[in-house]
There are 2 protein chains.
Amino acid sequence: MRTENPKKTSPAGIPAGVIRRLPLYHRYLSDLAQREVERVSSRELAARMKMSASQLRQDLSWFGSFGQQGYGYRVDDLLTAVNRILGLNTTNRMVLIGAGYLGRALINYENFYRKGFLLTAIFDHDPQKIGKSINGLVVKDVAELGDFLHEQSVEIGIITVPDFAAQEIADLLVEGGVKGIWNFAPVSLKVPDDVCVEHVHISESLMVLSFKINQRASARDHG
Amino acid sequence: MRTENPKKTSPAGIPAGVIRRLPLYHRYLSDLAQREVERVSSRELAARMKMSASQLRQDLSWFGSFGQQGYGYRVDDLLTAVNRILGLNTTNRMVLIGAGYLGRALINYENFYRKGFLLTAIFDHDPQKIGKSINGLVVKDVAELGDFLHEQSVEIGIITVPDFAAQEIADLLVEGGVKGIWNFAPVSLKVPDDVCVEHVHISESLMVLSFKINQRASARDHG
DNA sequence: TAGATTGTTAATCGATTAACAATC
DNA sequence: TAGATTGTTAATCGATTAACAATC
């Protein structure tokens with residue numbers, strides 16, 4: 001039986017680890033769906049994902065029951081469920097602030113559209129960029145951001161500006177009523193509790209890589 | 001007394017959570033150092049970082065003792081120690097494959113140089129890009145990647161190519177002897193155990209944001 | 001039906017927090 | 001010295017894994 005009423009009513013919320021694994025489930029299920037695989041067991045899927053079947057089933061149980069005993073999961077159904085859990089079944093309108101290379105990389109990422117993310121405006125501070133068209137959107141002056149947000153309903157603000165300007169933009173986004181901020185600047189943004197922030201840890205990630213390489217090197221030398 | 005001989009000899013390795021927090025320590029300590037703060041206690045630093053002082057001290061103890069009872073930590077000394085732990089005190093040579101917007105964003109990120117990361121070559125598949133100069137480096141044909149890696153010593157390969165090409169590039173990098181791969185393609189790369197991979201979860205991060213927004217919305221409606 | 005596999009409860013493992021002796 | 005704060009050990013908490021009754 002497939003339901004979407006979680007057995008465990010999540011009182012303190014869903015663990016962060018579970019949430020971080022949801023996009024992985026999405027990716028692997030999309031792969032299977034694209035290859036027209038009809039059914040998959042927790043054992044098979046978990047093996048592909050290099051995790052335990054227990055954990056996979058435990059994770060899903062936070063959101064409901066999506067499988068059938070003795071059968072496993074219908075790939076399409078589970079993917080649909082994961083899409084809904086992730087909020088990919090509704091349109092998320094976004095604005096992007098900072099039309100540098102990183103901003104442009106995101107603007108060009110067409111997969112977002114397929115997943116229900118819709119970029120509605122691009123802002124920049126640089127007069128050289130303002131007025132230019134990128135992917136069919138004219139870059140607006142960041143001075144207009146506040147007004148724009150009051151006129152248009154926007155769920156997500158994307159921050160791809162230099163570090164020092166990030167908090168200022170975040171304040172404007174919050175004031176403009178966005179529900180979430182996708183932050184690429186390596187700073188901890190201060191926002192009210194009702195606004196979600198997802199920080200993409202680019203430089204942090206490179207340092208972790210450096211650590212691992214170094215760690216391995218010293219293990220070889222000393223160990 | 002400040003030493004760098006860990007008390008606990010890490011048998012199974014340092015927990016992933018500890019490793020992920022190291023760049024954070026680096027950032028906050030850099031901030032303090034820049035503001036010429038001389039000393040900091042675990043309590044103060046932890047409060048800034050919104051974590052417990054216990055956890056901070058526990059984390060550091062994996063690598064040695066860097067403080068003084070009754071005093072705390074000398075900011076400079078602790079930052080130096082964290083830099084060394086992260087491997088930022090040595091030069092990490094890098095090549096980048098994929099000179100699209102994302103690749104260019106990374107090429108332009110000057111902070112990397114300050115942290116000991118040195119970009120030595122840029123590769124692309126596109127004849128339009130090959131031969132052009134970016135930040136003083138001439139873009140090479142990706143067909144030359146293998147030869148280049150055999151001639152030059154390179155620690156890190158940066159993959160900013162489209163998804164479908166990522167594994168192929170990873171294979172070339174591995175064959176060329178890199179120690180680590182910084183991967184921006186949303187695919188799980190298959191590499192030997194002695195090569196480290198750090199995956200930057202860009203699209204995954206947006207889905208997590210979508211989830212959180214959606215979660216909060218449904219909590220407001222139903223809760 | 002018999003075999004397979006789920007959803008969930010119980011057991012284990014690891015990470016975080018609390019506490020405190022050591023000591024600057 | 002007395003007060004403060006570390007490094008570390010013990011206690012708690014949460015997440016992962018194992019096991020199994022329910023059932024397709």
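In the text below, chain A, chain B and the rest are named by the order of the sequence lines, each starting its count at 1.
The two residues Trp62(A) and Gln58(A) come nearest to each other via the heavy atoms CD1-O, 3.3 Å.
The closest side-chain donor-acceptor pair between Gln55(A) and Asp59(A), if any, does not fall under 3.5 angstrom.
Atom CG in Leu78(A) sits about 14 Å away from atom C1' in dT5(C), given to the nearest Å.
Side-chain atoms of Asn183(B) come within 3.5 Å of backbone atoms of Val187(B) as a donor-acceptor pair (strictly under, hydrogens ignored).
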- Message: Dot-bracket, 5' to 3', for DNA chain C please: Watson-Crick or G-U pairs under 3.5 Å, [ ] where pairs cross earlier ones, | where the partner sits on another strand, dots elsewhere.
- Response: ..||||||||||||||||||||||
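Salt-bridge check for Glu204(A) with Arg20(B): failed, with every basic side-chain N at 4.0 Å or more from each acidic carboxylate O.
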- Task: Starting at the 5' end of nucleotides 13-19 of chain D, put B wherever the base has a protein heavy atom under 4.0 Å, S where only the sugar-phosphate does, and a dash everywhere else.
- Result: --SSBBB
- Task: Would you check, one step at a time, whether the test ring-ring contact (aromatic ring centres under 6.0 Å, His included) holds for Phe112(B) with Trp182(B)?
- Result: CA-CA 13 Å; Phe112(B) 291 150; Trp182(B) 198 23; 5.7 Å; yes
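For dT6(D), the OP1/OP2 oxygens have a side-chain nitrogen or oxygen of Ser42(B) closer than 4.0 Å. Between Tyr73(A) and dG7(C) there is a side-chain N or O to OP1 or OP2 distance below 4.0 Å. Dashed line: the shortest gap from a side-chain N or O of Arg39(A) to OP1 or OP2 of dT5(C) is under 4.0 Å. Checking the phosphate oxygens (OP1, OP2) of dG7(D), no side-chain nitrogen or oxygen of Tyr71(B) falls inside 4.0 Å.
Residues Ile202(A) and Pro186(A) fail the side-chain proximity criterion, which asks for heavy atoms closer than 4.5 Å.
Annotation: cation-pi geometry not satisfied between Arg39(B) and Tyr73(B) (NZ/CZ under 6.0 angstrom from ring centroid, within 45° of ring axis).
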